[in-house]
Amino acid sequence: MESDSTLHVVPVRHKLGVRTYALMVMCMALVTLIVTCLCVIIIRYRWHSQVTDELSQDLEHSVMAFQELQAERLGALDRENSLLAELPTLKALMTSGDDLTIRDGAVEFWQLSGTDLFALADPSGRIAAVYSKTAATSPTLREGLRKLLGSTGKHYLIDGNSLYACSLRPLYFGSNQEGTLLGYVISGVSIESTARRINDPTAVEATFLSAGKIAATTLSPSAQSGLEAQAAFLAKISRKPATVELGHVRFLAVTEDLSTSASAPLELLVLKSLDPAERSITRINRMVLSAGFLALLCGAVLMVTVSRLVTRPLEELSNSVRAFGTGDVDHRLPRHGTLEVLELGAAFAKMRKENQHANRALLESERLATIGRMASSVSHDFRHYLATIYANSEFLLRDKISSKERADIFADIRTAVLGSADMIESLLMFSRTGASNRRIRELMVVLLDRAVALIRAHPDGEGVRLETRFGDPSETMVVVDGKQIERAIFNLLLNACQAAHCAASKAQVLVTLEVREQHLSINVIDNGPGVPETIRGSLFEPFVSEGKQKGTGLGLTLAHCIASEHGGGVSLLSSRRGETIFQMKVARDLRSHDAPAAFAAVQD
């Protein structure tokens, strides 16, 4: 028997995996994405912190600028009031004591002062005349003026939605130290105009809140509505900057408590819009993301190129391994690649060469072993047949032998010659199995009858009750090599007869023929002792025989190989003492079946 020189690869169930170059590209893309996101977060955080610090400083400067500007405005009002208080006409007007006269005369002095608010009060603090550019005279305005007169150090006057910075100056008849108090002159300017002066160059919004209500502001109407809704929160901000959202616009805000210098609780709220900074951060984010995307694109192209240079030799090496597994020992190995791939390719080439040498040595060893087993198997039988022929030939040389003895001697010689011829034919057929043969349409029943007739004439068939069972002979048409199929059936029957002779009862062999759509099945059943467990695994290998006094051990092997060539095979269905069943299957039409190689089953 010849051994297959190819490397048998056991089929495995491959798990789904990822190509190396795809994994490298994905890793590079993931790293680029993570780095880009971290850069965006870090830049946004650092930029936001820097912007917040800068805006906080701007707000602090704005509060200081407002206080300084307000101090200048109050100083200017004090000087104007001092000049008005020294006017003799104003003193004369206050000595009249008539409110109507005072109100009429106060108009000229109000116009002369050019302030937003002007008021005159008698020595008792009663308001005699009041004029305002922003609002009509109201009880709240007079009440606020009385509070300013009744407390020192306060100069902010709140009148509904109006807020004034006021200056108070007493009027004396005579000197300020020894003269008679005639009344008070009060002038004030709107705080909103002061806030506008801060807002225009710095874009800082100023709002004055009194009891949660807006007294003055530079905010837009949409922002004002949101401001009143968050008044309670804004009152708790103190000097620490906080972020608020007013009218879908985000502001950074700080507050300054002015209640000690006002006629009612008063908070100064200074706000700076974060929108310009947010737009700047958004632009930077877009630039970073664009740079990251460009880096990702360029990196992907570069990584694909580099990875393909690395992985293509690996794929070629993998293809070489698969090709070697299928018997292609000349598949080209990778010639380019990294040092590790080239070293791996060289190691594989060396292994492949050594494997070829080992296979050739194994093949030669198996050939020698096969020849040895064959010689060992057939030598005894050949010597027995030759000794029988030689001894009986000597008996024929004697003159004094009867005709019956001569016929018996001739029968022994004939049996020995037939046995030798049968052994030689088995060996020749074994060596030729797998070669092309001539296949024609045959009735399997006819082939079965021929094999049964040969068995009945064979010495091992003597004393065996041989029975056949089959259905309609016309349905047993097959396309086969009749001589080979007949030989295969003969070998199965001979094996069964030899086993049946060892039965405890009368030897019996039953042959059944079953017809199927795609194949025919021949079952050979004997009542022998059964197939020994020791040889069931190697039953169809050549020269395997146990418990027989004669035979080459090729009968079942030849039957199986012939059946395999005809799209079927031989198998042991069951075996126990008193019943052993061998089954041979043959395809009915080989054109629809691929016949396996002659020795496929033997080599497996």
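Note that the numbering runs from 1 along the sequence shown for the chain.
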Taking C-beta and beyond as the side chain, do [X] and [Y] meet within less than 4.5 Å on heavy atoms?
X: C497; Y: I455; answer: yes
X: L556; Y: F582; answer: yes
X: I440; Y: E442; answer: yes
X: R286; Y: T282; answer: yes
X: Q498; Y: L494; answer: yes
X: R283; Y: S280; answer: yes
X: C27; Y: L30; answer: no
X: L558; Y: Q484; answer: no

- prompt: Which atoms form the tightest heavy-atom contact between A563 and V570, and what is the distance?
  reply: CB-CG2, 4.0 Å
Please check if the side chain of [X] supplies one atom and the backbone of [Y] the other of a donor-acceptor pair under 3.5 Å.
X: R439; Y: G482; result: no
X: H501; Y: D460; result: yes
X: H560; Y: A488; result: no
X: R588; Y: R516; result: yes

Atom pairs and distances, side-chain donor-acceptor, residues 469-480, under 3.5 Å, sequence neighbours left out:
| residue | atom | partner | partner atom | Å |
| --- | --- | --- | --- | --- |
| R469 | NE | E467 | OE2 | 3.2 |
| D472 | OD1 | S474 | N | 3.2 |
| D472 | OD1 | S474 | OG | 3.0 |
| D472 | OD2 | S474 | OG | 2.9 |
| T476 | OG1 | P473 | O | 2.6 |

- prompt: Under the criterion side chain to side chain contact (heavy atoms under 4.5 Å, CB included), which of T468, N495, V464 is the partner of V509?
  reply: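 That would be V464; it is the only one of T468, N495, V464 passing the side chain to side chain contact (heavy atoms under 4.5 Å, CB included) with V509.
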query: With respect to L520, which candidate in V445, V515, L448 satisfies the side chain to side chain contact (heavy atoms under 4.5 Å, CB included) definition?
result: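 Filter result, single survivor: V515.
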For the [atom1] atom of [X] and the [atom2] atom of [Y], what is their distance to the nearest 0.5 Å?
X: R576; Y: T580; atom1: CZ; atom2: OG1; result: 8.5 Å
X: M584; Y: S571; atom1: CE; atom2: OG; result: 11.0 Å
X: L344; Y: M351; atom1: CG; atom2: CE; result: 9.5 Å

All side chain to side chain contact (heavy atoms under 4.5 Å, CB included) counterparts of C39, not counting sequence neighbours: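 Testing C39 for side chain to side chain contact (heavy atoms under 4.5 Å, CB included), a comparison that skips the adjacent residues, returns V35, V288.
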task: Using distance alone, with no hydrogens and no angle criterion, decide if R352 and N355 have a side-chain donor and acceptor under 3.5 Å apart.
output: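 Looking only at side-chain atoms, N355 and R352 do not form any donor-acceptor pair under 3.5 Å.
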message: I'd like to know if E486 and K483 make a salt bridge, using a cut-off of under 4.0 Å between side-chain N and carboxylate O.
response: no
Would you mind writing out the side-chain donor-acceptor pairs for residues 521-531 within the sub-3.5 Å range, not counting sequence neighbours?
| residue | atom | partner | partner atom | Å |
| --- | --- | --- | --- | --- |
| N523 | OD1 | Q583 | NE2 | 3.0 |
| N523 | ND2 | T512 | OG1 | 3.4 |
| N523 | ND2 | E514 | OE2 | 3.3 |
| D526 | OD1 | G528 | N | 2.9 |
| N527 | OD1 | Q508 | N | 3.1 |
| N527 | ND2 | K506 | O | 2.8 |

task: Run the numbers on L572 and I581 for side-chain contact (heavy atoms from CB on, under 4.5 Å), then give the verdict.
output: CA-CA 6 Å; L572 176 63; I581 305 175; over 6 Å; no
